[in-house]
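Counting convention: from 1, in listed order, for ligands and their atoms alike.
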Amino acid sequence: MKCAVCSREARGFGYFNAALSRTDPRRYSDRWVFCSMRCMQPFARVMEHLTRVQEDAVLDPSDLELAALRAALAPLGDYVASLGMDRPLADYRKEDVLRLVEVVVDAYQAHMLDEHERMAAKDRAFFTQRLAAQPQPTTGANPRIPF
Ligand SMILES: [Zn+2]
């Protein structure tokens with residue numbers, strides 16, 4: 001099984017959406033496994049956010065994957081340029097090809113992780129702002145009452 005965020009090997013970190021009832025099919029997916037807390041926590045925050053604001057649920061995993069693939073283009077181009085643009089792929093040594101794959105996979109994973117962390121941060125900022133906007137409770141002495 002691969003980590004749902006970064007595609008590294010998953011290591012026993014599973015997620016289910018505790019906010020949904022046990023009979024809700026969106027509560028659990030066997031794809032929601034992770035390599036680390038670092039990958040699972042932002043995912044959990046995004047899922048919890050989506051549960052709270054279903055009408056704003058614009059997160060499309062396939063869009064995320066496409067954006068991550070696009071993010072790999074520039075590093076791929078840089079690497080190919082470093083080997084020589086005119087060099088045919090058939091002339092690459094095995095190490096060159098392995099490095100090429102690594103450059104693409106690293107860029108893809110870094111983008112996926114950044115996106116998940118960015119969404120989690122946005123979610124946090126939203127709720128921090130909502131909390132700050134709430135009126136302060138008027139406990140204790142009220143300075144407007146002069147006694
Ligand atoms: Zn991961």
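Residues passing the side chain to side chain contact (heavy atoms under 4.5 Å, CB included) test with Y28, sequence neighbours excluded: F16, D30.
At least one donor-acceptor pair closer than 3.5 Å links the side chain of R27 to the backbone N or O of L20.
The hydrophobic cluster containing V105, built from Ile/Leu/Val/Met/Phe/Trp/Tyr side-chain heavy atoms closer than 4.5 Å, also comprises V101.
Ring geometry for W32 versus Y15: interplanar angle of 30 to 60°, hence tilted.
Distances under 2.8 Å from the Zn ion (ligand 1) pick out the protein N/O/S atoms C3 SG, C6 SG, C35 SG, C39 SG.
Rounded to the nearest 0.5 Å, atoms CZ (R31) and CE (M1) are 8.5 Å apart.
Every pair passing side-chain hydrogen bond (donor to acceptor under 3.5 Å, both in side chains) that includes a residue from residues 100-111 is listed here, sequence neighbours excluded: R99-E102.
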